[in-house]
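Working notes for the structure below.
Below, chains carry the letters A, B, ... as their sequence lines are ordered, and counting in each starts from 1.
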2 protein chains.
Amino acid sequence: MADGEKKKRTPGPIDPDNREVPDRRGAPDGTAGRRRGRPRRLDPQAIVATARRIIDEEGVDALSMRRVAREVGSTPMALYTYVRDKDELLLLTLAGTSTALPRPQLPEDPRDRMIAVAVHMHGLIRRMPWVLKVLVRGDVTDKKALWMAEEIIECALARGLGEAQAVHAYRTLWHFVYGDLVFTAARDQRAAEPDRRPSFTALLTGQDAAELPRLTELAPRWEELQRYDVEEQLTAIVDGLLSRARPPR
Amino acid sequence: MADGEKKKRTPGPIDPDNREVPDRRGAPDGTAGRRRGRPRRLDPQAIVATARRIIDEEGVDALSMRRVAREVGSTPMALYTYVRDKDELLLLTLAGTSTALPRPQLPEDPRDRMIAVAVHMHGLIRRMPWVLKVLVRGDVTDKKALWMAEEIIECALARGLGEAQAVHAYRTLWHFVYGDLVFTAARDQRAAEPDRRPSFTALLTGQDAAELPRLTELAPRWEELQRYDVEEQLTAIVDGLLSRARPPR
DNA sequence: ACCTGAACACCGTTCAAGT
DNA sequence: ACCTGAACACCGTTCAAGT
């Protein structure tokens, strides 16, 4: 990094919100908004749409710059006019995904509302597990998903949490939802390929009974005991978080 | 998958618990425990150790079968005598990692103890972030980490949760800890490469103020508001979970 | 049983050149 | 400004052959 201080700006970034890109149609005199230089041959939206489809159908691992290029009828390097690198393309696929499920009717009571939003958040991603693997790489980039944060924070404030506490409550709920989905997905995958390493209970030998008596006892029933209703867990967490409110006066 | 029903068993699996592998030293008569066929040239433990070192020093993405082979002075395909595939090697690197932090003194009170164990779990992985990326691929494979599950479940039972509830409590805590660590790591990484996409607050334009008033208001202070003490959050969660106990009689 | 070498079917990205 | 083609430095894994 001795002399590499000049950063290349991505020349034609893609608008993550899928709005019309100005793209050579501007004022009638043809100057304002007109792109300079060689006209585009590729459709930026098509690039992202293709990427999204590949991920959706075959998983994140199936996504490659070469594959997208092939499918949009171009060469790998042409894509780099539109995205800085593969990571950026991945993030762009997130936009608009939060509208997959219609925004639900929410209860009026702040506590119940908070739980309902968290459950919705969970259900949304449960339906599109690929989103999980992309989300690790950065923050939420889908503006249409922000209403959920807004709602949860608003509810927390309504129940007497401070501003910081309310933001923390949102994060805590999100972190749980995320973690839960990751492990649910891992379990589903393990179930899909049997003979693969089994759940940890198989590791327990007779010698462990002394050190891990409770686990040893529960091991045979672990699979069923493990299953929970996310809503119940979210309810418990929300109640725990709300119990930190300073008493209303 | 029409005719591919016969599964090759991995011939010489590596013991995840780092115990002495029998390896050609058996009964004095030289039969029991003796390996048949050509003797091994590679040390199974060295393979795993090398993999662990690479991941630890340069991250999971730096791990490749070719790289490990090179560093143990062999060829890529020789590794497949010891592991079924790259995934299995990855899982094997996990063994023993939970002893990185000494087992702490725990409070007697079940609630406090539960919190302390959860905090310990968090601190352990915080110190070895690479573990996170490997854990997604499966369950806990480090037997030495199971005492944490045992403790948490035991505490939950002591406070009056049912068996299923106690197991759920453990899972909920673990899912939160995992999610929290993933996003903390993501934030750290974002901070390390600035100019990269910023936090979501930068997405908010004037037009959003109407729809997202609270977020818009908090946005300028988001970075500081966001920071929380994990222990506080874990405490709230534990209290929420324990509040589900049937009242003690 | 264990190990090698060549081969297959891929990667992301840089770089120089063309339009 | 946008796109191409060749090249660089890699991947995981299969397969046939050797010891």
Side-chain angles (χ1 to χ4, degrees), chain A residues 3-4 6-14 21-24 26 31 33-44 46-47 51 54-55 58-91 137, chain B residues 1 3-4 6-14 21-24 26 31 33-47 51 54-55 58-91 137:
Chain A
D3 60 342
K6 41 185 160 184
K7 317 242 179 210
K8 268 202 294 189
R9 280 298 302 127
T10 307
I14 302 179
V21 178
D23 198 66
R24 112 188 61 186
T31 42
R34 168 158 237 134
R35 292 194 170 277
R36 283 151 305 173
R38 179 172 170 173
R40 301 187 144 175
R41 201 176 72 74
L42 264 43
D43 176 11
I47 293 172
I54 293 170
I55 297 178
E58 301 173 49
V60 239
D61 292 338
L63 186 82
S64 74
M65 299 302 274
R66 295 172 120 102
R67 170 91 182 267
V68 174
R70 209 188 309 133
E71 301 209 5
V72 298
S74 182
T75 59
M77 285 314 296
L79 305 181
Y80 287 85
T81 308
Y82 303 89
V83 294
R84 166 196 291 214
D85 53 22
K86 192 185 171 185
D87 237 55
E88 189 167 293
L89 179 55
L90 232 18
L91 255 339
R137 283 153 210 273
Chain B
M1 296 285 163
D3 60 343
K6 40 185 160 186
K7 315 241 179 206
K8 267 201 298 191
R9 280 295 305 129
T10 307
I14 301 180
V21 178
D23 196 65
R24 113 191 60 189
T31 42
R34 169 159 236 133
R35 293 191 169 279
R36 282 149 306 172
R38 180 172 170 173
R40 301 188 143 174
R41 202 178 71 72
L42 263 42
D43 176 10
Q45 300 302 340
I47 294 172
I54 293 170
I55 296 177
E58 301 173 49
V60 239
D61 292 338
L63 186 82
S64 75
M65 300 302 273
R66 296 173 119 102
R67 170 90 182 267
V68 173
R70 208 189 310 135
E71 300 208 7
V72 298
S74 184
T75 59
M77 284 316 294
L79 305 180
Y80 288 84
T81 308
Y82 303 90
V83 294
R84 164 195 290 211
D85 54 21
K86 192 186 171 184
D87 237 54
E88 189 167 294
L89 179 55
L90 232 18
L91 255 338
R137 283 153 210 276

Starting from [atom2] on [N], measure out to [atom1] on [X] and report it in whole angstrom.
| X | N | atom1 | atom2 | answer |
| --- | --- | --- | --- | --- |
| B:Tyr80 | C:dA6 | OH | P | 18 Å |
| B:Asp85 | D:dT13 | CG | C1' | 10 Å |
| A:Leu79 | D:dA1 | CG | P | 19 Å |
| A:Arg67 | C:dT13 | CZ | P | 18 Å |
| B:Lys86 | C:dC11 | NZ | P | 15 Å |
| A:Arg84 | C:dT13 | CZ | P | 11 Å |
| B:Leu89 | D:dG12 | CG | P | 10 Å |
| A:Asp61 | D:dG12 | CG | C1' | 12 Å |

- [ ] Return the 5'-most residue of the pair B:Leu63, A:Leu42 with respect to DNA chain D, ranking by each residue's nearest nucleotide.
- [x]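 The residue closer to the strand's 5' end, by nearest nucleotide, is A:Leu42.
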Within less than 4.0 Å of OP1 or OP2 of [N], is there a side-chain N or O belonging to [X]?
| X | N | answer |
| --- | --- | --- |
| B:Thr81 | C:dC2 | no |
| A:Ser74 | D:dC3 | no |
| B:Tyr82 | C:dC3 | yes |
| A:Ser64 | C:dC11 | yes |
| B:Arg38 | D:dT19 | no |

- [ ] Both distances under 3.5 Å, Watson-Crick or G-U wobble: report the partner of C:dC2, or none.
- [x]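 Its partner is D:dG18.
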Open item on the list: Could you identify the nucleotide paired to C:dG12, looking across every strand shown and requiring Watson-Crick or G-U wobble geometry with both distances under 3.5 Å?
Closed with: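 Paired with C:dG12, as far as the under-3.5 Å criterion goes, is D:dC8.
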Task: Interatomic distance at P, C:dC10 relative to D:dA9, whole Å - done: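 23 Å, rounded to whole Å.
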What is the minimum heavy-atom distance between [X] and [Y], and which atoms define it?
| X | Y | value |
| --- | --- | --- |
| A:Ala62 | A:Arg67 | O-NH1, 3.8 Å |
| B:Tyr82 | B:Glu88 | O-OE2, 4.1 Å |
| A:Pro76 | A:Ala69 | N-CB, 3.4 Å |
| B:Leu90 | B:Leu63 | CD1-CD2, 3.5 Å |

Any idea which of [options] is nearest the [X] side chain?
| X | options | answer |
| --- | --- | --- |
| B:Met77 | C:dC3, C:dG5, C:dC11 | C:dG5 |
| B:Met65 | D:dC11, C:dC3, D:dG12 | D:dG12 |
| A:Arg66 | C:dT13, D:dG12, D:dC2 | C:dT13 |
| B:Arg41 | C:dC3, D:dT4, C:dT13 | C:dC3 |

TODO: To the nearest 0.5 Å, tell me how far B:Leu42 CG sits from B:Thr81 OG1.
DONE: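 B:Leu42 CG to B:Thr81 OG1: 8.0 Å, rounded to 0.5 Å.
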Task: B:Ile54 side, atom CD1; B:Asp61 side, atom CG - distance, nearest 0.5 Å - done: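 CG of B:Asp61 is found 13.0 Å from CD1 of B:Ile54.
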